[in-house]
Amino acid sequence: MSKRNFAAVIFFTIVAVFLFFTALMMHPFGIFDEDNQPEMDDHIIDNSQTETGANNAVTGVVFDYRGFDTLGEATVLFTAVAGVILVFRRLKK
Amino acid sequence: MLDQIISTFETGSGFWNPLVWLTALVIAFLIIYIVRGFGKREYKKGTDQTQAFLSGNPEYEKDKMHVKANNVYWGFTESLKSVYNFFGKMHTGNVSDYVLWFVIIMGILFLIFGVI
Amino acid sequence: MNDILSILINHSPALIVAVPLFGAFLTPLVGMINDKIRNIFVIFITLLTGFFTVILVNEVFTNGIKTYCFGAENPSVNPVVRIFFEIDGMSAFMALIAVILPIVAVIYSWGFAKEETGQSKYYTLILLMTAGILGMVLTGDMFNFFVFLEITSISSAALVAFWTNKKNSVQAAFKYIVISSIGALMVLFAVAIFYGQYNALNMAVIANNIGFGFLDKIALVVLIAALTMKAAIAPMHMWLPDAYSGAPSPVTVVIVGTTLASLYGVFRVVFTIYGKQFLTILRSFGDFAVTPSLLIGVFIVVLAVLTIVIGVFMALKSNDFKRMIGYAAVAEIGYMILAVGSAISTYFIPTGTTTVTMAEHGKMALTGGIFHMINDALDIGLLFLVAGAVYYATKETSLNKLGGLSRKMKYTTVFFLIGLFAVSGLPPMNGFASKLIIYQSTYQVNPILAIVAILCSIMLLAVFVKVFHSAFLGPEISSTKNVKEVPKSMLIAMGILAALIIFFGLFPEFVITNIVEPAKNALLNSSEYISAILGGV
Amino acid sequence: MSGMSKIVKTISSIAFPFVMIYGLYIIAHGHLTPGGGFQGGAIVASGAAMILVSYGSVWTMGKVKEKKLSILESTGAIVFIGTAILGLLFAGVFFNNFLFDSNLIFNIVPVKGSTVGILNSAGTLPIMNFAVGLKVVAGLFAIVLVMAYATTKMGGGKK
Amino acid sequence: MMTFNIPYIAVIGLILVGLIAVVFKRNLIKIVIGITLIESGVNLFLITLGYRENSIAPIYTSSPGGLMSLPVPQALTLTSIVIGVAVLALMISFIVHIYRHYNTLDASKIRGDEE
């Protein structure tokens, strides 16, 4: 094993151990305790119909509550298209 | 506004004032101008005076006269060859290695924060 | 009239991002009419963005933190659901940097990119990059930060590969996008940890609830590692010389802004989000207590010294003009984080109180580090523009094939000299003031740091003297015989940066009191940042 | 790519309208049922990509220029950000849902709780859905088309 | 506690596999696949955070009623997926150009002039 791969294996082990501990320390999957209620999401579920008029709460989040993120996301797609067209353009006039 | 602009900047052991500096600059230029006045006035363009003198040898071509960037600081890089070899080895130009450095830094940070 | 102005000020946070985005969406359509109209349109858009930025910055510096909520006039803050923009002194300071660079780049591109194809897309992507950087520095929402981070990475990666016929550019672009997408994904991972723990995405809410448990540590580590990688801190800096030298020069100038914005992300995470937990005593050895501030500070300082040394040494050896400036840029980033790292390591609690403060020399170091950010953007930007001008005139960036340019390109040479003085910290340019502060304050933290900083600054001077000697001085060689001075628009762009450099250098006190101090105070005062959104906490 | 056999061409041209209608349905009902602009746009774009694969990139490039797709995409983006800016003009906040509970279109406020969805509700959301849908269709198809065409023209990697 | 966290462990495993692929694989396409694996891992992480036991999708249209799972992670994942597509498209087009210039996809041979 080369020196590089040796270092890589060692550090990957460290990172892996810590990340697995992260997984164990997260709140239990699918269970929300008394002191760990998802207040933001409950607010959205309760109010998405009256505040945005959308029956689909996810669409309510995507286009209303976090609409600015969606603008960013649309921009990312626009950027990628512009980038791909730029990269594959003809170089000579 | 104006006195705010030209106010003095102090760091504790040194200071900087634009007016002081400009005065110093003007004085320096005056001195340079005076020294320049001592120069000889017999210089003429287009005569032998403008030719470079290389112990009587003919001048090289212009391209050869110019010291290339490769040769500048040759002594420095030569004497610190070991350092440069180390740094050169670090810069492999391989994407995987770039990411590996990221993983290494992340691992070190995990160790620092996890152990202490 | 006053009404309109107050409305504009009120909505400037949204308009700063919306105007360049709208301009970017329109540019392909305008580009079909005429090249000239398109260029004027793009310059107009950047100037308009600049106008909004200036009124917003003025507002923030006079009236304190400004928040802007997207989608509702009176949003609920318990819980915070919508996206907020939160602009404090530091954000405003960064917005200033982020808006100067694109204006210069766009003006410069008029002459520089005249012969290229695909100009519409080129300008579109520059505007998108502008919007991305501005969004990154203004936002107060973690996920929004990630989205804008991706916008800047994607647009800048596409622009790095602008010259697809050069293999250097294409491979640099690939490396750059791999690095930035991994960095951004790791940021998203940390955001997900925050979300899972606090069920919040707003920075102020997270900062208010933050503890220093295991998961917070993990999130901190991941965020610091990912953002420092995007900010090109050694040993994760290798992509930077590649990307900077592969990209067209005006693009590089804007990419400097993206790097600084990532650095801003590091500061935001460390100072604001984890500001409350700086002095949790993790473990004590006798009288000596280990706190997060000490750990982060020392770690950043070590990396900073490494960054400065590696950057300077590699720059000295390099023979490619742009690559050399790229390594110099790495070293300059090292100076910033050297100052900021030593500032963090001096955090302490005065006896008898519970408020977190910083030692006086620490505050001075922070001032120096922040001041150096704008100086670095200007210096490195100017040097890259000069490199671009040399490339435009000679189609060459290798220093071995250049020589005697000062005979043909007088103005460019003057601009290069200004950049040389500025980047190596000689008076009367701007680098002098900030580096003086950095030397003096780091000397009080640890003398060795100041010594390394000064020696490397001298070496930086040597690096650019080498460039000056081999490219600009010397006899007129055959390959540079038919060189002409570059077009006016490029000279104007370089002139703007040079004028700013001289202004900042001549009047440092004015700049520090008016721009840098508010930014420093904003970083040190995380509780104000929190209470601006959540009300009196 | 020079296109595939006649069977594939025929079947994909028969299937394309159905794919498109399904995608449009997903877009139009984005605020009521699972889906939305992105998902529906991706469906329509994959239908277009099916046509591209079966007929070949050169033929498709002759029918649809990437410049037109670029215009279409810009239009979608402008409509999207324009709706957001209209929110600023009419309601005083960027990204405000100004059509919701107004007397224009898409103004019906749904009854709270489990209901049968009403298409004419949710304010600016359907408009944004359509804008994003248009953008995604044009964008994804442009990416696929440009890449396919360019790699066809370049050949297999020889300089 | 352990059994409840198996989804998270799987997600972390996916992220690690992606990172390992990026670091150890030499083919550029495989590196890109590694990045998409990391991305899927992070997306799955977001989605798993949004799950609530015995819950239905957060949509009111003829819903049976009851607890609803969290809508925000779903929206974030949607955003993140689209961003992933954009990054993927750009990376693949760079690879096309790299192959034209170098005639190889070996990561250790793709380097600039001065490295």
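Reminder, nothing fancy here: chain letters follow the sequence lines and each chain counts from 1. As a basis for the values below, the full set of heavy atoms in this structure was taken, side chains included, without hydrogen atoms, waters or symmetry mates.
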Next item on the list: I would like to know whether C:F146 and E:T79 meet side chain to side chain contact (heavy atoms under 4.5 Å, CB included); could you show each step before the answer?
Entry: CA-CA 10 Å; C:F146 161 76; E:T79 308; 5.8 Å; no
Next item on the list: Report the C-alpha separation of E:L70 and C:Y195 in whole Å, then their side-chain angles, then the decisive distance to 0.1 Å, and conclude whether the side chain to side chain contact (heavy atoms under 4.5 Å, CB included) test is met.
Entry: CA-CA 12 Å; E:L70 314 189; C:Y195 177 79; 3.8 Å; yes
Under a 4.5 Å cut-off applied to non-hydrogen side-chain atoms, are [X] and [Y] in contact?
X      : Y      : value
E:L76  : C:L188 : no
C:L185 : E:I15  : no
E:E39  : C:I182 : no
C:I177 : E:F94  : yes

Please flag which part of [X] lies under 4.5 Å from any non-hydrogen atom of chain C: side chain, backbone, both or neither.
X     : result
E:V22 : side chain
E:V42 : side chain
E:I12 : side chain

Note to self: For a quick test of reading the model, state the closest non-hydrogen atom pair linking C:I154 to E:A86 and the distance between them.
What the structure shows: CD1-CB, 4.0 Å
Next item on the list: Taking all heavy atoms of C:A192 and all of E:L49, pick out the closest pair and write down the distance.
Entry: O-CD1, 3.1 Å
Note to self: Counting only heavy atoms not in C:K166 (residues, nucleotides, ligands), do more than 12 fall under 6.0 Å from its NZ?
What the structure shows: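 Buried by this count: over 12 neighbours within 6.0 Å.
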Checklist line | Within 6.0 angstrom of E:R26 CZ, more than 12 heavy atoms from elsewhere | finding: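 Counting neighbours around CZ of E:R26, 12 or fewer heavy atoms of other residues, nucleotides or ligands fall under 6.0 Å, so no.
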Item checked: Residue part contacting chain E, namely of C:F174, when any heavy atom lies under 4.5 Å -> both
Next item on the list: Using a cut-off of under 4.5 Å on heavy-atom pairs, state which of C:N165, C:V147, C:N199 scores highest against chain E.
Entry: C:N165
Next item on the list: Against chain E, work out which of C:S181, C:A173, C:P241, C:S153 has the most heavy-atom pairs shorter than 4.5 Å and name it.
Entry: C:A173
Next item on the list: Would you sort out whether C:Q171 and E:L28 count as a side chain to side chain contact (heavy atoms under 4.5 Å, CB included), showing the intermediate values?
Entry: CA-CA 11 Å; C:Q171 58 99 15; E:L28 290 190; over 6 Å; no
Item checked: Top of E:I38, E:I98, E:L46 for chain C proximity - count of heavy-atom pairs under 4.5 angstrom -> E:I98
Margin query: Working to the nearest 0.5 angstrom, can you tell me the gap between E:H97 NE2 and C:K167 NZ?
Written below: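 E:H97 atom NE2 to C:K167 atom NZ measures 15.5 Å (nearest 0.5 Å).
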Checklist line | Worked check of side chain to side chain contact (heavy atoms under 4.5 Å, CB included) between C:I193 and E:F45 | finding: CA-CA 9 Å; C:I193 292 179; E:F45 187 43; 4.0 Å; yes
